[in-house]
Amino acid sequence: MGIEAWYMDSSDEDQRKPHKLVPNQPVSMDQLGELGVFYSKLNADVYETDPELEQIRKDQGYSHMDIITIHKDTLPNYEEKLKMFFEEHLHLDNEIRYILDGQAYFDIRDKGDRWIRIAISKGDLITLPAGIYHRFTLDETNYTKAMRLFVGEPVWKAYNRPADDFEVREKYVASLTAAHNTKWTPYNQRVE
Ligand code: KMT
Ligand code: NI
């Protein structure tokens, strides 16, 4: 169980297409976990009153939340924003997204700098760790609605690659070499 992820082909075709290799090279939840990416499934139909979501927000300190509807009729500067989301970037904080409706892709770099595409859809709560290079795109349905969660005052600033000298990047890279003998729990919290 979980989300579907795979290594991407290198074609320049429409970013909204799946870009699977032939034959497909799937990526498991364990492999995602080793990269610091975590996932949970919730019932998005009840997100407004969901005690499970409340508990996660409390436990993880996700005090801030807002909702972004990514569709040409709802998102101001739609084309420009989509272009920005698809630039390879990192953040100083975890990127936590809960998909309330529709579907989309997050692409992340693996340890060897290969692109992994993660398909996310309604009910998926995904956390990308601070310092990971990634990008986001809609798929061919051209619509997703997502809750953005954050610890404290939200900072959405993205730093486009190259950002290798950032402390957060160095820490993330260091965490990868340590990952095989470090136990991870959901939501990217380390247990020493
Ligand atoms: C980001 O930083 O990659 C984004 O915020 C993507 C859009 S939110 C689903
Ligand atoms: Ni991002």
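For ligands, and for the atoms within them, numbers begin at 1 and follow the listed sequence. Starting from 1, each residue takes its place in the sequence as its number.
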task = May I ask you to check whether Tyr47 and Tyr98 place their ring centres under 6.0 Å from each other?
result = no

query = Is there any side-chain hydrogen bond (donor to acceptor under 3.5 Å, both in side chains) pair reaching into residues 80-91, and which pairs are they, with sequence neighbours excluded?
reply = Glu88-Arg109, Glu88-Arg161, His89-His91, His89-His134, His91-Glu95, His91-His134

query = Do the numbers put Lys41 on top of the ring of Tyr39, so that NZ or CZ is under 6.0 Å from the six-membered ring centre and no more than 45° off the axis?
reply = no

inquiry  = Given a threshold of 2.8 Å, state how many protein N/O/S atoms are nearer than that to the Ni ion (ligand 2).
reply    = 4

query = Which residue, Phe150, Phe85, Phe136, forms the ring pair (Phe, Tyr, Trp, His ring centres under 6.0 Å) with Trp156?
reply = Phe150

task = Check whether any side-chain heavy atom of Gln60 sits under 4.5 Å from a side-chain heavy atom of Thr127, and report yes or no.
result = no

task = Answer with yes or no whether the side chains of Tyr143 and Asp73 bring together a donor and an acceptor at under 3.5 Å.
result = no

remark   = Minimal heavy-atom distance between Val168 and Ala130, with the atoms involved, is CG2-CB, 3.6 Å

request  = Could you list all the salt bridge (charged side-chain N to carboxylate O under 4.0 Å, His left out) pairs where at least one residue sits in residues 6-22, not counting sequence neighbours?
outcome  = Glu4-Lys20, Glu13-Lys17, Lys17-Glu140

query = Given Asp110 and Tyr7, is the side-chain hydrogen bond (donor to acceptor under 3.5 Å, both in side chains) satisfied, shown in steps?
reply = CA-CA 9 Å; Asp110 81 349; Tyr7 277 105; 2.7 Å; yes

Any protein N/O atoms within less than 3.5 Å of an N/O atom in ligand 1? List the atom names and distances, or say none.
from: ligand 1; atom 1: 2 (O); to: His89; atom 2: NE2; distance (Å): 3.3
from: ligand 1; atom 1: 2 (O); to: His91; atom 2: NE2; distance (Å): 3.0
from: ligand 1; atom 1: 2 (O); to: Glu95; atom 2: OE1; distance (Å): 2.9
from: ligand 1; atom 1: 2 (O); to: Glu95; atom 2: OE2; distance (Å): 3.3
from: ligand 1; atom 1: 3 (O); to: His89; atom 2: NE2; distance (Å): 3.2
from: ligand 1; atom 1: 3 (O); to: Glu95; atom 2: OE1; distance (Å): 3.4
from: ligand 1; atom 1: 3 (O); to: Glu95; atom 2: OE2; distance (Å): 2.9
from: ligand 1; atom 1: 5 (O); to: Arg97; atom 2: NH2; distance (Å): 2.9

